Chemist: 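To start, I am sharing the structure in question, which I have written as structure tokens.
Throughout, a chain's letter reflects where its sequence line sits, starting with A, and its residues are numbered from 1. Every value quoted in this text rests on a predicted model; they were computed, and no experiment measured them.
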Amino acid sequence: MSDQTLEYRLADIAPPRRNYRRWLTHTGLILGGTILGIILIMAVLAPFIAPFNPYEQNLLVRIVPPVWMDGGSWEHPLGTDHLGRDYLSRLLYGAQVSLLIGVGTALISGVIGTTLGILAGYFGGKVDTVITFIITARLSMPVILVALAVVALAGSSLMIVMTVLGLLLWDRFALVIRAATQQIRNADFVTASQVQGCSVFQTLRYEILPNLMNSLVVVATLEMAQAIVLEAALSFLGLGVPAPLPSWGLMIAEGKSFILFDPWLITIPGVLLFALVLGTNLLGDGLRDVTAPEARN
Amino acid sequence: MLQYTLRRLASAVILMLFVSFVAFALVFTAGDPAASIAGEGGTAADAERIRSVYGFDRPLVLQYASWLGRVLQGDLGQSIYFNQPVTSILIERFQATMLLGVLALCFALLLAIPLGIAAGRWPNSIVDRVALLFAVVGQAMPTFWFALLLIILFSVTFPILPTSGGETWRHMILPTIVLGYFAAPAIMRLTRSGMIAALETDFIRTARAMGIPSSKILSSYALRNALLPVVSLAAAQFGFMLAGSVVVESVFAIHGAGRLVWESILRSDLPTIQALVLCFSMFYVVLTLVADIINAWLDPRIRDA
């Protein structure tokens with residue numbers, strides 16, 4: 001891959017003007033923030049508002065349809081799954097799994113990607129060549145395939161899925177941070193820090209990093225969405241988080257056998273997954289528009 | 001041009017070597033390969049025997065060198081599950097995957113480029129809003145869920161298309177839509193922004209001032225510039241789609257390489273997994289290489305840089 005494809009269109013790294021009206025009038029930002037907020041509340045309050053224990057099986061009430069369908073009742077507003085577990089409770093706890101994976105992955109990949117990107121952008125030359133090569137190599141390995149293989153070999157658990165995805169999804173962080181660092185490495189305040197005798201670490205940590213925060217938040221949000229989808233896909237294929245855990249992807253996989261007669265088993269967790277990813281993406285795009293509108297494309 | 005091609009080729013070869021090492025080492029990083037081949041019922045003695053049969057007791061670099069030597073001769077090893085050469089299995093399985101990938105790419109391009117052009121030509125119009133909605137939804141839709149929704153729709157509501165298997169062309173329609181829609185939003189957005197940027201350039205203003213009809217400006221001047229970056233993106237998306245076939249082929253029960261990935265992983269068929277990771281990565285490297293060369297050929301600014 002040439003440098004051309006690696007080049008991300010980036011904002012000027014001038015300090016953002018805090019124009020809060022722009023925040024409040026951006027539809028995508030508000031919508032995305034609201035969706036993400038609701039799902040966050042679901043996840044946090046799950047232990048208090050879930051009507052049942054999400055792991056408790058009751059074979060007497062297997063596959064009860066949701067309340068708006070024939071045979072549904074308010075006892076189980078969203079029905080029960082093939083083992084008689086309350087669907088609403090599992091969905092609420094499932095929000096915890098998705099958000100945990102999203103945040104955990106973004107943290108791990110953020111640390112790796114930012115470190116690589118900042119070093120490549122600041123030093124340039126050979127360091128840049130080597131790091132760009134590593135990024136290109138990483139991009140040519142298909143994420144889902146490598147993640148499947150590693151999770152299968154290392155055993156599946158929430159922690160392992162998070163770590164594996166974190167170790168794989170740092171490429172966008174590295175590319176964006178590299179480009180952003182290149183733009184400011186010759187700025188006066190960086191030179192000032194250098195001639196004052198600050199160490200490289202101090203310059204990077206106190207002069208460069210704070211100026212990358214806008215880009216970092218945007219990429220972290222978008223990476224979170226990607227991690228959530230990938231976890232769901234891995235769990236759907238049976239190689240993500242292990243079975244009794246209520247992951248939305250896993251719930252869709254379990255509902256697959258009942259696709260003909262009870263498609264709601266698939267559509268309900270799918271709608272939530274779709275909403276979460278949509279909300280996170282909208283928030284990320286919105287944050288980019290608001291903090292760095294020049295980067296929009 | 002020749003110089004650029006050679007330079008680009010050299011870097012691709014280095015990249016391939018590195019990626020092949022990672023593909024090879026992958027199975028060693030995550031655990032003891034002998035233990036996974038021996039399976040749950042395997043004893044320590046079994047694992048020991050497997051270790052010496054497969055040569056896992058030798059240094060990693062030596063194992064890699066002999067593996068690479070065989071790979072270069074077209075021998076990807078012996079599948080543990082099928083007890084056949086991996087190469088012949090892959091050749092058979094990649095046919096369906098390639099067909100699906102090409103169909104999906106065509107579908108994505110046919111959908112995304114006209115939409116992107118229209119959206120870039122009239123920013124903030126109704127067309128632009130629809131295109132944006134289409135992109136935002138597409139980027140948030142998990143492929144496996146979209147696939148299942150289509151299965152529900154076509155097997156229950158109106159059963160006019162087969163929802164499982166890959167024997168006839170009609171079997172390929174739904175998988176093509178799923179995989180194509182997954183790749184389309186990025187292409188659409190890039191076409192749109194390329195179009196907007198191209199229409200703002202000085203040479204377009206000059207062309208307008210000269211009285212060249214706007215249809216001609218749009219189709220021959222703006223479009224060419226807008227589509228240049230799309231070539232690289234389409235190549236990258238094609239690579240991602242091949243990887244995405246892992247999910248799509250599993251849902252639609254298509255007998256392709258993507259489904260083989262999943263099956264081999266469940267069967268701990270390590271030589272096949274290694275070969276698949278290698279092949280999918282190599283495709284990506286080759287695709288980006290070809291895209292870069294096409295780009296350089298189309299745009300002299302790149303090859304002279």
Side-chain angles (χ1 to χ4, degrees), chain A residues 1-5 9 28 133-134 136-146 148-155 160 164 222 225 228-230 232-234 236-239 248-249 252-253 255-256 259-261 263 266-267 269-271 273-282 285 296-297, chain B residues 8 11 14-15 18-19 22-23 26-27 29-31 33 36 136-137 139-145 148-149 151-152 155-156 189-190 192-193 196-197 229 232-233 236 239-240 242-244 246-247 250-251 261-262 265-266 268 273 276-277 280-282 284-285 288-289 291-292 295-296 302 305:
Chain A
M1 189 184 291
S2 74
D3 280 346
Q4 213 234 345
T5 35
R9 290 185 46 190
F133 180 76
I134 298 175
T136 317
R138 159 47 214 97
L139 278 171
S140 48
M141 317 276 302
V143 175
I144 182 115
L145 215 163
V146 176
L148 273 175
V150 175
V151 172
L153 290 164
I160 285 179
V164 169
L222 297 174
I228 290 168
V229 177
L230 277 169
L234 290 177
F236 173 75
L237 291 173
L239 290 160
W248 292 342
I252 295 175
K256 220 183 104 185
I259 188 166
L260 287 185
F261 299 107
I266 291 165
T267 40
V271 166
L273 185 60
F274 173 70
L276 176 56
V277 178
L278 182 75
T280 317
N281 274 338
L282 284 177
D285 285 350
R296 181 173 22 188
N297 54 23
Chain B
R8 193 56 198 74
S11 73
I14 300 174
L15 185 62
F18 182 77
V19 169
V22 177
L26 191 66
V27 300
T29 53
S36 13
V136 166
V137 169
Q139 276 171 333
M141 190 86 104
T143 41
F144 64 95
W145 187 58
L148 290 173
L149 285 187
I151 290 179
I152 293 172
S155 61
V156 183
R189 288 188 157 192
L190 193 67
R192 177 183 178 274
S193 62
I196 291 176
S232 309
L233 182 71
F240 293 145
L242 289 181
V246 175
V247 174
S250 303
V251 179
V261 169
W262 186 52
I265 285 171
L266 293 182
S268 309
I273 300 174
L276 282 163
V277 174
F280 277 107
S281 311
M282 288 302 122
Y284 188 87
V285 176
T288 48
L289 172 70
D292 280 350
N295 255 334
I302 297 175

Chemist: Report yes or no: does B/W145 contribute a side-chain atom to a donor-acceptor pair with the main-chain N or O of A/F274 at less than 3.5 Å?
Modeler: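 Not a single qualifying donor-acceptor pair exists.
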Chemist: My understanding is that only residues two or more places apart in sequence, or in another chain, count here; which of them pass side chain to side chain contact (heavy atoms under 4.5 Å, CB included) with A/L222?
Modeler: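 Applying side chain to side chain contact (heavy atoms under 4.5 Å, CB included) to A/L222 gives A/R172, A/V218, A/N281, A/D285.
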Chemist: On a heavy-atom basis, which atom in B/A23 and which in A/M141 lie closest, and how many Å separate them?
Modeler: N-CE, 4.2 Å
Chemist: Restricting to non-hydrogen atoms, name the atom on B/F280 and the atom on A/P142 that form the minimum distance, rounded to 0.1 Å.
Modeler: CB-CG, 3.7 Å
Chemist: Which atoms of A/L239 are under 4.5 Å from chain B, going by heavy atoms: the side chain, the backbone, both sets, or neither?
Modeler: side chain
Chemist: Locate the shortest heavy-atom distance separating B/V19 from A/S140; write the atom from each residue and the value.
Modeler: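 The answer is CG2-OG, 3.5 Å.
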Chemist: For the interface with chain A, which of B/S250, B/A140, B/A243 has the highest count of heavy-atom pairs at distances below 4.5 Å?
Modeler: B/A140
Chemist: Please rank B/I151, B/L266, B/V137 by heavy-atom pairs under 4.5 Å with chain A and give me the top one.
Modeler: B/V137
Chemist: Non-hydrogen atoms of chain B under 4.5 Å away: do they reach the side chain of A/A233, the backbone, both or neither?
Modeler: both
Chemist: Can you give me the closest heavy-atom contact between A/A149 and B/I265, atom names plus distance?
Modeler: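 So the two residues come closest at N-CD1, 3.6 Å.
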Chemist: Name the region of A/I144, side chain, backbone, both or neither, that has any atom closer than 4.5 Å to a heavy atom of chain B.
Modeler: side chain
Chemist: Where is the tightest heavy-atom contact between A/L237 and B/W262, given as atom of each residue plus distance?
Modeler: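 Heavy atoms only, the tightest pair is O-NE1, 2.8 Å.
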Chemist: Do you know which of A/I266, A/V229, A/L282, A/L276 has the most heavy-atom pairs with chain B at a distance under 4.5 angstrom?
Modeler: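 Highest number of pairs under 4.5 Å: A/I266.
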Chemist: Looking at CD1 of B/I152 and CD1 of A/I259, how far apart are the two atoms once the value is rounded to the nearest 0.5 Å?
Modeler: 4.5 Å
